[in-house]
Amino acid sequence: MFALDIAAHTGPWRSRHPAEKAMLSLGLLACAVALPPWPGALFSGGAAAVLLVGPARVSPAVVLRAARVPLLFVATSTVPLLVTMHAPARLTVDAAGVVPAAQTAGRSVAALICLLLFSATTPLSDVLPRLHRLGVPPAVTEVAALTYRMLFLLVDSVRAVREAQAARLGFRTWRTAYRSLAGQAGAIFVRAFSRARRLEEGLALRGYSGSLAVQVEARRVSAPFVAATVGLLVLIVAVSAVVGSRW
């Protein structure tokens, strides 16, 4: 399993209703997007980070590992805001782009932390079955569930093929490593396609008709948790308005 899935299934918030965590995470996300980057995004992202490593007890190493690729995307996306082209093939740093770049990066990082707060505390198996009650078509949730399942099959195929190539000294030199990577792509495709076909045949033999009935554990929404969430969101909006008016 992925590190976020392990944290979501073993964390102290596992027994909480997904609606509570969605209200908290999406509320902080709305504050990070709607409020000014300073100080709204800072307060929203900071609150999400404190909740993530505090009450949710998610390891900072897990958070950094899950956020490293999105953070790289954020960094590369803000670079064009810092440079300008005055002449052909000549790039210069634009001083006027420093503020927009910092605001974009800050808002993006805050939104990322808010999303991680939900994904690191709520398993997907708790979310998809409950989406039917919100009017989401079963076909959408079934495709999402199968895609989620296929991710694990793909990772398992990559690990198995790579271990087999390493046992045969496939990564001994750069030349053999390139050859192994080329063969790895083809082997992974064939292996994943075969396992996907077996998954489809297994569902057909079990009478799959477009939706799978899944029993969901009944959980009650905690009124104190909802009240604390509303209080936190109101506090962030109020403090952002007060601090923002002084700057």
Next item on the list: Could you list who else is in L205's hydrophobic cluster, with ILVMFWY side chains joined at under 4.5 Å, directly or through other members?
Entry: none
Check: In terms of hydrophobic clusters joined by side-chain contacts under 4.5 Å, are V237 and I113 together?
Finding: yes
Next item on the list: With rounding to the nearest 0.5 Å, note down the distance linking CG in L116 to OG1 in T121.
Entry: 10.0 Å
Notebook entry, point to check: Considering residues at least two apart in sequence or located in another chain, which fulfil the side chain to side chain contact (heavy atoms under 4.5 Å, CB included) criterion with V190?
Noted result: none
Item checked: Nonpolar side-chain network containing L26, other nodes, edges under 4.5 Å -> L29, V33, L115
Checklist line | Q184 vs V158 side-chain heavy atoms within contact, under 4.5 Å | finding: yes
Note to self: Check whether R168 reaches the backbone of A164 with its side chain - one donor and one acceptor, N or O, closer than 3.5 Å.
What the structure shows: yes
Check: With sequence neighbours left out, which residue pairs that include part of residues 11-39 fulfil the salt bridge (charged side-chain N to carboxylate O under 4.0 Å, His left out) condition?
Finding: R14-D126, R16-E20
Identify each donor-acceptor pair in which a side-chain atom of residues 44-70 lies under 3.5 Å from a protein atom, sequence neighbours left out, and give them as a table.
| from | atom 1 | to | atom 2 | distance (Å) |
| --- | --- | --- | --- | --- |
| S44 | OG | G40 | O | 2.9 |
| S59 | OG | A61 | N | 3.3 |
| R68 | NE | R65 | O | 3.4 |

Check: What heavy-atom pair brings S108 and V74 nearest, and what distance separates the two atoms?
Finding: CB-CG2, 3.9 Å
Notebook entry, point to check: Can you list every pair that meets ring pair (Phe, Tyr, Trp, His ring centres under 6.0 Å) and has a residue in residues 218-240, with sequence neighbours left out?
Noted result: W13-F225
Next item on the list: For S77, enumerate each residue passing the side chain to side chain contact (heavy atoms under 4.5 Å, CB included) test, keeping only those at least two apart in sequence or located in another chain.
Entry: F73
Next item on the list: Just jot down the side chain to side chain contact (heavy atoms under 4.5 Å, CB included) partners of L233, sequence neighbours excluded, or say none.
Entry: L28, C31, T229
Check: Which atom pair, heavy atoms only, marks the closest approach of R130 to P18?
Finding: NH1-CG, 3.8 Å
Margin query: Under 4.5 Å between side-chain heavy atoms, counting indirect links through other Ile/Leu/Val/Met/Phe/Trp/Tyr residues: same cluster for L131 and V140 or not?
Written below: yes
Next item on the list: Starting from V234, walk the hydrophobic network (Ile, Leu, Val, Met, Phe, Trp, Tyr; side-chain heavy atoms closer than 4.5 Å) and list everyone else you reach, by chain and number.
Entry: M23, V221, V226, V230
Next item on the list: Report the C-alpha distance between L35 and F43 in whole Å, list the side-chain angles of each, state the deciding distance to 0.1 Å, and finish with yes or no for side chain to side chain contact (heavy atoms under 4.5 Å, CB included).
Entry: CA-CA 10 Å; L35 296 177; F43 291 161; over 6 Å; no
Note to self: Show, in sequence, the C-alpha distance, side-chain angles and deciding distance for S125 and H9, and conclude whether the side chain to side chain contact (heavy atoms under 4.5 Å, CB included) test is met.
What the structure shows: CA-CA 10 Å; S125 58; H9 282 88; 4.0 Å; yes
Notebook entry, point to check: Is the backbone of S119 close enough, under 3.5 Å, to the side chain of T122 for a donor and an acceptor to pair up by distance?
Noted result: no
Check: Quick one: are L128 and Y148 in side-chain contact, heavy atoms under 4.5 Å?
Finding: no
Margin query: Counting C-beta onward and ignoring hydrogens, is there a side-chain heavy-atom pair between V155 and L151 closer than 4.5 Å?
Written below: no
Next item on the list: Only counting residues at least two apart or in another chain, list the ones meeting side chain to side chain contact (heavy atoms under 4.5 Å, CB included) with L82.
Entry: V98, A101
Item checked: Shortest non-hydrogen separation from T78 to A75 and the atoms involved -> OG1-O, 3.0 Å
Checklist line | Check: A41 main-chain N/O paired with R107 side-chain donor or acceptor under 3.5 Å | finding: no
Checklist line | hydrophobic_cluster_shared for V99 and L81, side chain cutoff 4.5 Å | finding: no
Note to self: According to side-chain hydrogen bond (donor to acceptor under 3.5 Å, both in side chains), who are the partners of T147, at least two apart in sequence or on a separate chain?
What the structure shows: none
Next item on the list: Apply salt bridge (charged side-chain N to carboxylate O under 4.0 Å, His left out) to R162 and list each qualifying residue two or more places apart in sequence or on a separate chain.
Entry: none
